[in-house]
**Q** 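One structure follows; several queries about it will come next.
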Amino acid sequence: MITEVEAYDGERDRACHARRGRTARNAVMYEPGGVWYVYLCYGVHEMLNLVTGPPDYPAAVLIRGIEGAPGPGRLTKALGIDRRLNGAVCAPESGLWIEDRGVRLPRGAIKATPRIGVDYAGPVWAKKPWRFVLEARQDHWPAPAARGSIE
DNA sequence: CCATCGATCGGCT
DNA sequence: GCCGATCGATGGT
């Protein structure tokens, strides 16, 4: 179960890796939505993102936490995810995909806040409420998904 | 070529 | 709360 995400939206978004246009690192962000974007952060942590935009529009959602592994660096370590997955499809054939198990969340269970660690983007972009956190109780959710998938 | 700086985390004060 | 680890991307000289 994904519990925390952040949105990064286009070259105009001064916190987005694509803010200075296409580079070797961020090229995957320009792919049609549905592929993973994985990069190394602070020389230590693998960050997992799902590319979400139309072709040539760099947008992605950073997966910042899952049940049992809070934090973007901890979740990739827990699931054994690294840059080998960069550019792969979000589907069983790549070994990592997302499933909708039909979980119904109470109204207000997802809170929007500013994104973390993007002060360098300036106040306008750093303050956008594009971080989404699931704050509901977790003890009534369905059993864990099949091996290789997250929700 | 060189310097700076991160979409973080864990350990220590 | 602070700081070091650790390294690739980025941009300037």
Side-chain angles (χ1 to χ4, degrees), chain A residues 1-91 94-100 103 105 108-139 141 144-145 147-151:
Chain A
M1 173 70 86
I2 294 170
T3 55
E4 181 182 347
V5 298
E6 278 177 3
Y8 290 86
D9 184 27
E11 295 182 351
R12 68 188 181 118
D13 177 1
R14 304 322 282 164
C16 181
H17 279 178
R19 63 190 176 279
R20 287 190 274 267
R22 191 190 303 249
T23 66
R25 178 178 63 164
N26 68 27
V28 168
M29 294 188 76
Y30 290 77
E31 298 284 314
V35 298
W36 298 112
Y37 171 44
V38 185
Y39 69 91
L40 186 66
C41 185
Y42 296 111
V44 180
H45 305 289
E46 308 279 343
M47 297 283 118
L48 176 67
N49 300 249
L50 184 59
V51 175
T52 54
D56 296 317
Y57 186 94
V61 169
L62 168 65
I63 312 298
R64 286 191 58 89
I66 60 175
E67 192 175 2
R74 284 190 285 250
L75 109 234
T76 52
K77 184 177 181 188
L79 296 179
I81 292 165
D82 61 30
R83 283 162 288 174
R84 289 175 296 184
L85 203 65
N86 188 44
V89 295
C90 172
S94 73
L96 186 69
W97 67 98
I98 294 173
E99 294 181 345
D100 180 359
V103 173
L105 294 172
I110 297 175
K111 177 187 287 184
T113 84
R115 293 172 293 181
I116 302 297
V118 296
D119 286 347
Y120 64 85
V124 170
W125 294 97
K127 289 177 181 171
K128 296 222 178 260
W130 289 354
R131 171 177 176 248
F132 301 94
V133 185
L134 176 59
E135 301 203 328
R137 296 176 58 84
Q138 303 186 4
D139 52 14
W141 289 344
R147 175 180 172 77
S149 76
I150 57 179
E151 183 164 3

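Letters A, B, ... are given to chains in the order of the sequence lines, protein chains preceding strands, and every chain is numbered from 1.
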**Q** Rounded to whole Å, how long is the line connecting atom CZ of A:R115 with atom P of B:dA7?
**A**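 Whole-Å distance recorded here is 10 Å.
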**Q** Can you list, by residue number, the residues of residues 23-32 of chain A that have a non-hydrogen atom closer than 4.0 angstrom to DNA chain C?
**A**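 Those residues are A:T23, A:R25.
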**Q** Between atom CG in A:N86 and atom P in B:dA7, what is the gap in whole Å?
**A**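 Taking atom P of B:dA7 as the reference, CG of A:N86 is at 16 Å.
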**Q** Would A:E46 and A:R83 pass as an ion pair if we require N to O under 4.0 Å?
**A**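 Result for this pair is yes, salt bridge flagged.
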**Q** Just to be sure I understand the rule, does A:V118 reach a base, reach only the sugar-phosphate, or reach nothing, if contact means heavy atoms closer than 4.0 Å?
**A**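 A:V118: backbone/sugar contact only, no base atoms under 4.0 Å.
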**Q** Provide, to the nearest angstrom, the distance between the NZ atom belonging to A:K77 and the C1' atom belonging to B:dT8.
**A**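 So the NZ-C1' distance, A:K77 to B:dT8, works out to 12 Å.
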**Q** Contact class for A:R83 (heavy atom, under 4.0 Å): base, sugar-phosphate, or nothing?
**A**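 Answer is sugar-phosphate: A:R83 comes under 4.0 Å of backbone atoms only.
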**Q** For residues A:Y57 and A:E31, is any side-chain donor paired with an opposing acceptor at under 3.5 Å?
**A**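 The answer is no; no qualifying pair exists.
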**Q** Find out whether A:W130 and A:D9 are in side-chain contact, i.e. whether some heavy atom of one side chain is under 4.5 Å from a heavy atom of the other.
**A**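 In contact.
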**Q** Without decimals, in angstroms, what is the distance between A:E46 CD and C:dG8 P?
**A**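 Answer to the nearest Å: 10 Å.
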**Q** With rounding to the closest Å, how many angstrom separate the P atoms on C:dT6 and B:dC2?
**A**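 Nearest-Å result for C:dT6 against B:dC2 at atom P: 22 Å.
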**Q** Looking at C:dA5 and A:Y42: do their rings stack (centroid distance under 5.5 Å, interplanar angle under 30°)?
**A**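 No, the aromatic ring of A:Y42 does not stack with the base.
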**Q** Let me confirm one number: the CG-CG distance from A:L96 to A:L50, rounded to the nearest 0.5 Å.
**A**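 Atom-to-atom, A:L96:CG and A:L50:CG are 9.0 Å apart.
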**Q** Between A:R19 (CZ) and C:dT10 (P), how many Å, whole number?
**A**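 My rounded result for the distance is 9 Å.
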**Q** Whom does C:dA5 pair with, Watson-Crick or G-U wobble, provided both distances fall under 3.5 Å?
**A**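 When the pairing criteria are applied, B:dT8 turns out to be the nucleotide that pairs with C:dA5.
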**Q** Which nucleotide wins on minimum distance to the side chain of A:N49, given the candidates C:dG8, B:dA7, B:dC9?
**A**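 Of the options given, the side chain of A:N49 lies nearest B:dA7.
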**Q** For the residue pair A:R115 and A:Y8, would you count it as a cation-pi contact if the rule is NZ or CZ under 6.0 angstrom from the ring centre and within 45 degrees of the ring axis?
**A**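 Yes, a cation-pi geometry holds between A:R115 and A:Y8.
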**Q** Let's see if you can work this out: which of C:dT6, B:dG10, B:dT8 has an atom nearest to the side-chain heavy atoms of A:R74?
**A**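 Of C:dT6, B:dG10, B:dT8, B:dG10 is nearest to the side chain of A:R74.
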